[in-house]
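Excluded from the calculations below are hydrogen atoms, water molecules and symmetry mates; all remaining heavy atoms, backbone and side chain alike, are included. All residue numbers refer to positions in the sequence shown, counting from 1.
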Amino acid sequence: KQWYQPEYGKQWYQRRVRDEDTFETRLQNWESMTSYQPVEVGVEILKRMPRSEVEVLKWGSPLRYQFYKNLMPDIILDTCDSCNRIFYADDLELQYLQKQACPFCRKSVAQPEPVPTE
């Protein structure tokens with residue numbers, strides 16, 4: 001059993017990560033709350049989640065990465081590398097093909113280099 005101590009603002013929370021502790025059990029506890037609080041999990045729980053169900057927002061330094069769980073894994077999501085907005089993968093791909101840019105930040109998509117044929 002490990003102790004996990006995430007930083008949230010200037011406050012420190014210390015929680016015990018148990019083997020039986022999962023995202024689903026925390027989500028069930030969250031549904032009984034009266035006010036909104038994000039469901040937070042430790043590194044060990046995050047490692048056990050399937051990669052296809054987790055979106056990673058990679059913020060620049062000094063900010064930390066953020067991880068979001070897709071609660072509907074049948075719907076494929078994708079993230080703009082520039083603004084870190086999450087979109088339905090089909091919608092983002094269509095915008096990239098039509099406008100060659102992100103629909104939110106309008107950052108242009110780098111066109112792949114053509115492969116020379118001999």
Quiz item: Looking at N70 and I75, what are the two nearest heavy atoms and their distance?
Solution: ND2-O, 2.8 Å
Quiz item: Does L71 belong to the same Ile/Leu/Val/Met/Phe/Trp/Tyr cluster as I45, with side-chain heavy atoms less than 4.5 Å apart forming each link?
Solution: yes
Quiz item: Counting heavy atoms not belonging to D81, are there more than 12 under 6.0 Å from its CG?
Solution: no
Practice problem: Identify whether F87 and L97 are in the same connected component of the hydrophobic contact network (ILVMFWY, side-chain heavy atoms under 4.5 Å). | Solution: no
Self-check item: pair C83-C102: side-chain heavy atoms closer than 4.5 Å
Solution: yes
Exercise. Search all heavy atoms of W59 against all heavy atoms of Q66 and return the closest pair with its distance.
Key: NE1-OE1, 2.8 Å
Practice problem: Return the minimal non-hydrogen interatomic distance between L92 and C80, and the atom names on each side. | Solution: CD2-N, 4.3 Å
Quiz item: Heavy-atom count around L94 CG within 6.0 Å, excluding the residue itself: above 12?
Solution: yes
Quiz item: Passes side chain to side chain contact (heavy atoms under 4.5 Å, CB included), V56 versus R51? Steps please.
Solution: CA-CA 10 Å; V56 181; R51 176 62 184 101; 3.9 Å; yes
Quiz item: In terms of side-chain heavy atoms, does Q100 have a donor or acceptor partner in S108 at a distance below 3.5 Å?
Solution: no
Practice problem: Work out which heavy atom in E55 is nearest to a heavy atom in L77; give both atom names and the distance. | Solution: OE2-O, 3.4 Å
Quiz prompt | Side chain proximity check, L57 to Y65, heavy atoms < 4.5 angstrom | solution = no
Quiz item: Got a second to check how far D78's CG is from Y96's OH, nearest 0.5 Å?
Solution: 7.0 Å
Quiz item: Rounded to the nearest 0.5 Å, how far does CZ of F104 lie from CZ of R85?
Solution: 3.5 Å
Quiz item: Are there more than 12 heavy atoms of other residues, nucleotides or ligands under 6.0 Å from atom OH of Y88?
Solution: no
Self-check item: Heavy-atom closest contact (L46 atom, V54 atom, distance)
Solution: CD1-CG1, 4.3 Å
Quiz item: Any side-chain heavy atom of D91 within less than 4.5 Å of one from E93?
Solution: no
Quiz prompt | Connected via hydrophobic side-chain network under 4.5 Å: V43 and L63 | solution = no
Quiz item: Quick one: CG on D74 to CD on E53, what's the gap to the nearest 0.5 Å?
Solution: 9.5 Å
